[in-house]
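Before any comments, here is the structure.
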Amino acid sequence: MLLFNLIRNENIKIYRRLRTWILVGIILLATVLVAVVMHSRQQDTPNWKQTLITQNQEMQQQLNHGAGHMPAAALDGMKQSIQLNQYYIDHNINPNHTTGWKFAVTAENLSGLLMAFIVVIAGDIVASEFSTGTIKMLLTQTATRAQILLSKYLATLLFALFMTAVLFVFSLLCGWIFFGFSEAGEPHIYADANGHIQHMSTASYLLMQYGFLLIDIVITATIAFMISAIFRSSTLAITISILAYFVGNTLVTALSSYSWVKYILFANTNLSQYVVGGPHIKGMTLGFSVTMLVIYFVVMNVLSWLIFMKRDVAYT
Amino acid sequence: MAEQAAVEIRNLTKVIGKKTIVDNLSLTIPKGEVFGFLGPNGAGKTTTIRMMVGLISITKGQVLIHGIDISKDFTAAMNHVGAIVENPEMYKYLTGYQNLQHFANMSTGVTRQRIDEVVKLVGLEQRIHEKVKTYSLGMRQRLGLAQALLRKPDVLILDEPTNGLDPAGIRELRDLLRYLANTEGTAVIVSSHLLSEMELMCDRVAIIQAGKLIDVKSLRDMVSNEGAQLATEIEVDRPEAAVVLLQTKHPNLAVKQNGDKIELMVARDQIPSVVHSLVMGDVKIYAVHSVNKSLEDTFLEITGGSSDVVI
Ligand SMILES: Nc1ncnc2c1ncn2[C@@H]1O[C@H](COP(=O)(O)OP(=O)(O)OP(=O)(O)O)[C@@H](O)[C@H]1O
Ligand SMILES: [Mg+2]
């Protein structure tokens, strides 16, 4: 009951600030912008079906003639393409045509922006109480420090969920308005961990991406929250976690030839690598990454908690 | 069994690095008393208060609120306590009322009615629905006090509560604290450097210097006038003649002229004979003022800026 009230207080402090709504506004604006640009670039291809039929015939011929001297993977790929084209022809779907669902998949690339905004709130929620001196008012009520920290952490996660939901719902909405509601079941094509061409329905693919994104968001928000709780500086917390998010991934790619890189947090945060494209570093498995994430998650939270519990709150 | 003290501090000590900031402080404050922490800048008053409300760790010793150890059961102990530590800081983007709601949400049993009540008590009705960023220092101090009163605390701890208040505000605060102590039995702890304020506000005062408890004095002991020398001013028509006259008649008194007045240190029971001598010497007397030795004098004398303090 008290915890519920504490979370409500934290929510009030987040949502009564203009800043929060500016961040929400930017997400909405960016999504609309992407939709407008994609809509204006969409070309009409009235002969798409004929093009696909011709393509398929050519590929079939290549298959028939080249069966002996072409690599197996290429043959597989070609077979997949023929199947897909056939799917498009049979279901009367123009693959060059952007659908509402496809747009939402594209708009998910705004997740970098989303992440930055979530980190702004996560990095500020503890540090701002110290910089304004309100921490001493907060800690001289009846709630324990553990309760206060927990309420702030949960409010951060709720905000992260809210922002992600904003992007998800709004990008679908924009997609449906600009490109139509239908074709949720249209296949989305991607290469799997073994380089094989796979497809699943666009709607499932979208949900899967958001699921993986949420894991990434929770981890990144936890980093920002930890730095905020330990160093009491929002600037430091926001800068370090945004840098870590963007540079971390690049760093892992650059160093991917070393096997110790797999122990770096950022090699593991994006679990979609096990479904799409394959792991960053050879030999990494889903089980390994999940274990690493759980370890990092627990260590970061224990650190924030220990230091916040012990800290002398004075001399603001 | 004797009635439990509202606040008991036992051997409270704070060491930061190698510096002892609060040194083995022990105090007992009963219900219904207004108790003052008095000491020069850097004496350790705020540090003591921070330990009492759990903001900083206690190096050694104990703080008991109604017998509950603050470091053992924080929630139960703080349930009795309302506090302001240094300047009250509020959320500037919220209104005063929203701030109070925020703190009310954190404790059980604080109703909307209670919020309205404390707003009235501190005299903020007019501005309570405005954003705190538009408040003056004194208004923020009042809002802080309202926050401290929300839970109807049995123990009210206020660090420099008069800071930023206008004279009317200081008077209101004094009356409010007196009312709380006398009627509701609240134990009130205030710290201040405004010594004259302490004189008017407190029942007892602890004098703290360099983290050590120098003395605890009831204000009646401190400003006693039994047999003490009073600083006395007498307005006369011929001050030069009056000084010469008194120097011959009362050679043991130190008399000096100050404009059209004469000043002297004299015991209360000697004043009639001084006046008699002046009248007999044909000096016209317009007024006689005797000033009690104030807490300030006592305080300065006790701490004295020197370390070899003897009481
Ligand atoms: N982090 C710290 N490390 C070392 N010494 C400190 C630290 N913080 C405060 N002090 C010292 O502790 C002493 C007590 O400070 P405190 O704020 O309790 O004094 P105070 O009695 O409240 O003074 P004031 O009347 O100015 O408010 C001061 O001498 C101060 O310099
Ligand atoms: Mg102080």
What is the distance from atom CD1 of A:I135 to atom CG of B:L55, rounded to the nearest 0.5 Å? 8.5 Å

About how many Å separate OH of B:Y91 and OG1 of A:T132, when rounded to the nearest 0.5 Å? 6.5 Å

Any sub-3.5 Å donor-acceptor pair from A:K136's side-chain atoms to B:V85's backbone N or O? yes

Less than 4.5 Å to any heavy atom of chain B: does that hold for the side chain of [X], its backbone, both, or neither?
X: A:K13; result: both
X: A:L139; result: both
X: A:R8; result: side chain

[X] atom [atom1], neighbour heavy-atom count above 12 within 6.0 Å:
X: A:W305; atom1: CH2; value: no
X: B:Y179; atom1: OH; value: no
X: A:F246; atom1: CZ; value: yes

Please report the shortest heavy-atom distance between [X] and [Y], naming the atom on each side.
X: B:M90; Y: A:M137; result: CE-CE, 3.6 Å
X: B:S57; Y: A:D312; result: N-OD1, 2.9 Å
X: A:R145; Y: B:G54; result: NH2-O, 3.2 Å

Answer key: most heavy-atom pairs under 4.5 Å with chain B among A:T144, A:T140, A:I148, A:N5 is A:T140

May I ask you to name which of A:R311, A:E129, A:Q147 has the most heavy-atom pairs under 4.5 Å with chain B? A:E129

Which residues in residues 147-164 of chain B have any heavy atom lying under 4.5 Å from a heavy atom of chain A? B:Q147, B:R151

Residues in residues 99-134 of chain B that sit under 4.5 Å from chain A, counting heavy atoms only: B:H102, B:F103, B:N105, B:M106, B:S107

Test salt bridge (charged side-chain N to carboxylate O under 4.0 Å, His left out) applied to B:K72 - qualifying residues, sequence neighbours left out: B:D69

Give me the contact list for residues 14-39 of chain A versus chain B, heavy atoms only, anything under 4.5 Å, ordered by residue number. A:R16, A:R17

